[in-house]
Amino acid sequence: MGKRVALVLAGCGVFDGSEIHEVSAALVHLSRGGAEVKIFAPNIEQRDVVNHLKGSPSEEKRNVLVESARLARGNIQDLTELKADEFDAVIFPGGFGVAKNLCSWAVDGKNCTVNEHVNSTLQAFHSAKKPIGLCCISPVLAAKVFPGCEVTVGQDKNVDGRFPDAETASAIAELGCKHVCKNVNESHVDKANKIVTTCAFMCKAPLHEIFDGIGTMVQEVLKLA
């Protein structure tokens, strides 16, 4: 029987929601791994809406659950309905929506607050000793909620210009967590906390390398489950 995995989204689109390629990659690798997936998102208003063609803010108002439904092909539930005892693992793709909608990292950095339902979801899986997978900027959720955990967002220096957000690693360390440097096609497993992370688009890399890195994260999550 395949593992039951919950996927938590933050909207639709890299600049104000979930990163679409990361969501798709996670779903492909979960499908290949024989997992049964259900998708969730918080029923809240987005912090902002970005015109992805112009890269500039829009005056629109959008709902995180409604926008996430685009990626879920309509098959999605309110995050309040996610029960950890019905799943073997949970995965959070990245995208700026994580740092804007699931927490306030985009504005407050390491002093951010985490959405109450996101926090309770993470705590429930952690307490049940069930694996948590995070990619791109999503590892900051674990760093904020679980002091002392180990995560990766890639490198802690902007190696060859490929890691423009390398300072995120320092902020994670300031939260009392250990940042582990990894390449884009790798993931890190915090065995004690059952947290698996990979940097994805935190690295400027070809799409297939990002796809492969997310694949290692998914594989490790399914192994731990």
Side-chain angles (χ1 to χ4, degrees), residues 1-10 14 18-39 71 87-99 102 121-122 125-126 129-143 145-146 148-160 162-166 168-169 172-173 177-225:
M1 184 176 176
K3 304 297 183 182
R4 301 162 300 169
V5 180
L7 194 72
V8 180
L9 303 186
V14 57
S18 289
E19 211 297 319
I20 294 170
H21 296 294
E22 292 180 17
V23 176
S24 179
L27 287 168
V28 169
H29 287 297
L30 285 165
S31 175
R32 184 171 286 149
E36 176 189 340
V37 182
K38 289 190 177 179
I39 305 176
L71 289 169
F87 294 91
D88 300 301
V90 65
I91 289 177
F92 289 77
F96 280 113
V98 171
L102 303 192
T121 295
L122 288 166
F125 277 85
H126 188 259
K129 296 184 173 13
K130 294 180 177 182
I132 299 167
L134 309 116
C135 63
C136 196
I137 192 63
S138 292
V140 301
L141 296 173
V145 176
F146 307 119
C149 72
E150 299 177 1
V151 299
T152 188
V153 289
Q155 301 291 324
D156 56 10
K157 295 181 178 60
N158 190 8
V159 182
D160 298 325
R162 282 161 46 94
F163 294 90
D165 301 304
T168 304
I172 286 170
C177 299
K178 180 179 180 182
H179 180 267
V180 181
C181 292
K182 290 286 182 178
N183 293 322
V184 66
N185 59 349
E186 300 176 312
S187 56
H188 176 69
V189 181
D190 177 349
K191 294 181 180 177
N193 291 292
K194 289 194 172 183
I195 295 171
V196 187
T197 51
T198 189
C199 69
F201 279 99
M202 294 292 275
C203 177
K204 289 186 175 181
L207 183 57
H208 71 277
E209 293 184 11
I210 292 165
F211 182 90
D212 291 344
I214 293 172
T216 67
M217 181 266 287
V218 169
Q219 290 165 16
E220 294 295 342
V221 165
L222 295 179
K223 280 183 196 173
L224 290 173

Next on the checklist: Does F87, at its CZ atom, have more than 12 non-hydrogen atoms belonging to other residues, nucleotides or ligands within less than 6.0 Å?
Outcome noted: yes

If you take all heavy atoms of [X] and [Y], which pair is closest and at what distance?
{"X": "V153", "Y": "A169", "result": "CG2-N, 4.0 Å"}
{"X": "C177", "Y": "A143", "result": "SG-O, 3.4 Å"}
{"X": "G213", "Y": "T198", "result": "O-OG1, 3.6 Å"}
{"X": "Q155", "Y": "C181", "result": "OE1-CB, 3.4 Å"}
{"X": "A142", "Y": "C149", "result": "O-SG, 3.6 Å"}
{"X": "D156", "Y": "A166", "result": "C-CB, 3.7 Å"}

Checklist entry - Looking at L27, L9, I20, which one forms a side-chain contact (heavy atoms from CB on, under 4.5 Å) with P93? => result L9

Next on the checklist: Do L207 and H21 have side chains that approach each other closer than 4.5 Å (heavy atoms only, starting at C-beta)?
Outcome noted: yes

Next on the checklist: Taking the side chain as everything from C-beta on, heavy atoms only, tell me whether I195 gets closer than 4.5 Å to V189.
Outcome noted: no

Item to check | No-hydrogen, no-angle side-chain donor-acceptor test under 3.5 Å, T216 and S187 | outcome: yes

Checklist entry - With no hydrogens and no angle check, do the side chains of E150 and H188 hold a donor and an acceptor under 3.5 Å apart? => result yes

Checklist entry - Is there a donor-acceptor pair closer than 3.5 Å between any side-chain N or O of D88 and the backbone N or O of R4? => result yes

